[in-house]
Q: 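One structure follows; several queries about it will come next.
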Amino acid sequence: MLVLGINGSPRKGGNTEILLDCALAGAKRAGAETLKINLGELNFSPCKSCAKAKKNGECIVIDDMQKIYSAVKNADGLILASPVYFGSISAQTKMLIDRFQCHWAAVYQHKTLKQQAERPGFFLCAEAGSQNSFFENSRFIVRNFFTTLNIKYFGGLLCTGLEAAAEVLKRKECLEKAEQEGFDLVRGYNEVHKV
Ligand SMILES: Cc1cc2nc3c(=O)[nH]c(=O)nc-3n(C[C@H](O)[C@H](O)[C@H](O)COP(=O)(O)O)c2cc1C
């Protein structure tokens, strides 16, 4: 099983990336291969609503999103991680999601693309405050995205009270929970697929 982790925070070594690394370590412990993508290191633009999706559901705009399309396609499981920005996911994470509009159009409008078999997905979220509604808002968007890709929402983890970069390193319970969630994601997949 290949688990893809996508870090939607532009802050390198920040809370989101640390939590994601823990989840990916858990996935590895359960026997999966892992791959991490930092959206902050990529060069891609927001959706232009050009309505020119390729038949295979990929966007016609050639930028770093092309790497993400193939990574998402090849993954057997996805862990999407984002900080809370103004009560929602980060702009980088939302940009990525919007760029899958072409996938939605190919599957549901043009019917030129069949969904891949169902895969598990997990959502990790870090915020400075303690507003559960911000997490609920973010989770709603992520679940919608997962549904578009036929990814089963396996669960989500919110870690609150994280303001400074890498502050989460002092929060052992968050690190351990993230690691365990990555482990469980793979174990759940293996049970379904009788691996
Ligand atoms: C543009 C911006 C907007 C933010 N908005 C919120 C917010 O609405 N609520 C909150 O609790 N934290 C907010 N934060 C704080 C981040 O969610 C918090 O610092 C988080 O730990 C950042 O994760 P990172 O270290 O991976 O970048 C915001 C931070 C930035 C840079």
Side-chain angles (χ1 to χ4, degrees), residues 2-29 32 34-48 63-65 67-68 71-72 75 77-101 120-146 149 151 153-186:
L2 173 66
V3 175
L4 172 66
I6 298 181
N7 171 25
S9 171
R11 189 152 67 169
K12 190 84 189 110
N15 299 310
T16 312
E17 187 175 13
I18 292 167
L19 286 167
L20 179 59
D21 286 343
C22 288
L24 292 176
K28 244 186 191 158
R29 181 164 66 90
T34 61
L35 175 70
K36 181 173 73 174
I37 293 180
N38 287 313
L39 294 186
E41 291 168 1
L42 300 186
N43 210 339
F44 66 106
S45 58
C47 175
K48 295 176 171 56
D63 59 13
D64 284 346
M65 267 306 292
K67 293 181 197 162
I68 297 179
V72 168
L78 177 68
I79 302 176
L80 184 60
S82 174
V84 164
Y85 278 5
F86 282 90
S88 184
I89 51 176
S90 69
Q92 288 83 352
T93 312
K94 186 60 164 56
M95 251 164 62
L96 165 123
I97 291 175
D98 288 352
R99 287 288 297 274
F100 276 89
Q101 172 66 2
F122 194 85
F123 177 46
L124 278 173
C125 193
E127 71 173 359
S130 56
Q131 286 258 29
N132 202 53
S133 58
F134 290 172
F135 175 60
E136 290 303 329
N137 188 34
S138 304
R139 177 158 69 171
F140 190 79
I141 299 163
V142 168
R143 286 190 79 140
N144 192 317
F145 169 57
F146 281 3
L149 295 183
I151 291 174
Y153 183 79
F154 187 80
L157 175 65
L158 167 68
C159 294
T160 59
L162 302 172
E163 178 79 68
E167 206 175 346
V168 73
L169 288 174
K170 293 184 217 144
R171 299 274 298 282
K172 202 166 167 249
E173 80 284 4
C174 290
L175 305 177
E176 286 177 355
K177 188 94 178 69
E179 203 271 353
Q180 188 61 42
E181 294 291 3
F183 182 85
D184 290 347
L185 182 94
V186 175

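In listed order, ligands and their atoms are each counted from 1. The first residue in the sequence is number 1, and the count goes up from there. This structure is a prediction, so every number in the text was calculated from the model and none was measured.
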Q: How long is the gap from CD1 on Ile79 to CG on Leu24, to the nearest 0.5 Å?
A: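 Rounded to the nearest 0.5 Å, the CD1-CG separation comes to 5.0 Å.
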
Q: For atom 11 (O) of ligand 1, what's the nearest protein heavy atom and its distance?
A: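 Heavy-atom neighbour on the protein nearest atom 11 (O) of ligand 1: Gly129 N, 2.7 Å.
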
Q: If you draw the axis of the six-membered ring of Phe183, does the NZ or CZ of Arg29 fall within 45° of it and under 6.0 Å from the ring centre?
A: yes

Q: Looking only at non-hydrogen atoms, which of Thr160, Val84, Asn137 approaches atom 28 (C) of ligand 1 most closely?
A: Val84

Q: With distance as the sole criterion, is a donor-acceptor pair present between the side chains of Asn7 and Asn38 under 3.5 Å?
A: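 Their side chains do contain a donor-acceptor pair, which is all the 3.5 Å distance test asks for.
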
Q: Which residue holds the protein heavy atom closest to atom 5 (N) of ligand 1, what is that atom called, and what is the gap in Å?
A: Phe86 N, 2.8 Å

Q: In the protein, what heavy atom is nearest to atom 19 (O) of ligand 1, and what distance, to one decimal place, separates them?
A: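 Sorting protein heavy atoms by distance from atom 19 (O) of ligand 1 puts Glu163 O, 3.0 Å first.
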
Q: Taking only heavy atoms of Pro83 into account, list the atoms of ligand 1 that are under 4.0 Å away from them.
A: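 Matching atoms, with element in brackets: 22 (C), 23 (O).
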
Q: Under 3.5 Å between some N or O of ligand 1 and some N or O of Gly87?
A: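 Min N/O separation from ligand 1 is below 3.5 Å for Gly87.
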
Q: For the pair Lys12 and Glu17, find out whether any cationic side-chain nitrogen is under 4.0 Å from an anionic carboxylate oxygen.
A: yes

Q: Using a strict threshold of under 4.0 Å (side-chain N to carboxylate O), is an ion pair present between Lys177 and Glu173?
A: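 Salt bridge between Glu173 and Lys177, a charged N being under 4.0 Å from a carboxylate O: no.
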
Q: Considering both backbone and side-chain atoms of Ala165, is one of its nitrogen or oxygen atoms within less than 3.5 Å of a nitrogen or oxygen in ligand 1?
A: no

Q: Mark up the atoms of ligand 1 that fall under 4.0 Å of a heavy atom belonging to Arg11, in ascending order.
A: 19 (O), 22 (C), 24 (P), 25 (O), 27 (O)

Q: At what distance is the nearest protein heavy atom to atom 31 (C) of ligand 1, and which residue and atom is it?
A: Tyr85 CE1, 3.6 Å

Q: In the protein, which heavy atom is nearest to atom 21 (O) of ligand 1, and how far is it?
A: Leu162 O, 2.7 Å

Q: Heavy-atom contacts with Asn15 under 4.0 Å: which atoms of ligand 1 show up? List them by number with element.
A: 21 (O), 24 (P), 25 (O), 26 (O)

Q: Please check this pair: side chain of Asp98 against backbone of Cys47, looking for a donor-acceptor N/O pair closer than 3.5 Å.
A: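 No: the side chain of Asp98 does not pair with the backbone of Cys47.
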
Q: Under 4.0 Å between a Lys/Arg side-chain N and an Asp/Glu carboxylate O for Arg171 and Glu167?
A: no

Q: How far is atom 27 (O) of ligand 1 from the closest protein heavy atom, and which atom is that?
A: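 That would be Ser9 OG, 2.8 Å.
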
Q: Given that the side chain starts at C-beta and the backbone is N, CA, C, O, which of these parts of Ala128 lies under 4.0 Å from ligand 1, counting heavy atoms, or is it both or neither?
A: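 The answer is both, backbone and side chain.
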
Q: Should Thr16 be counted as touching ligand 1, given the test is an N or O pair under 3.5 Å?
A: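 Right, the criterion is met.
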
Q: Would you please classify the geometry between the Tyr153 ring and the Phe146 ring as parallel, tilted or perpendicular, with 30° and 60° separating the classes?
A: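 Judged by the thresholds at 30° and 60°, the geometry between Phe146 and Tyr153 is tilted.
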
Q: How many angstroms lie between atom CD1 of Ile97 and atom CD1 of Ile141, to the nearest 0.5 angstrom?
A: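 The distance works out to 6.5 Å.
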
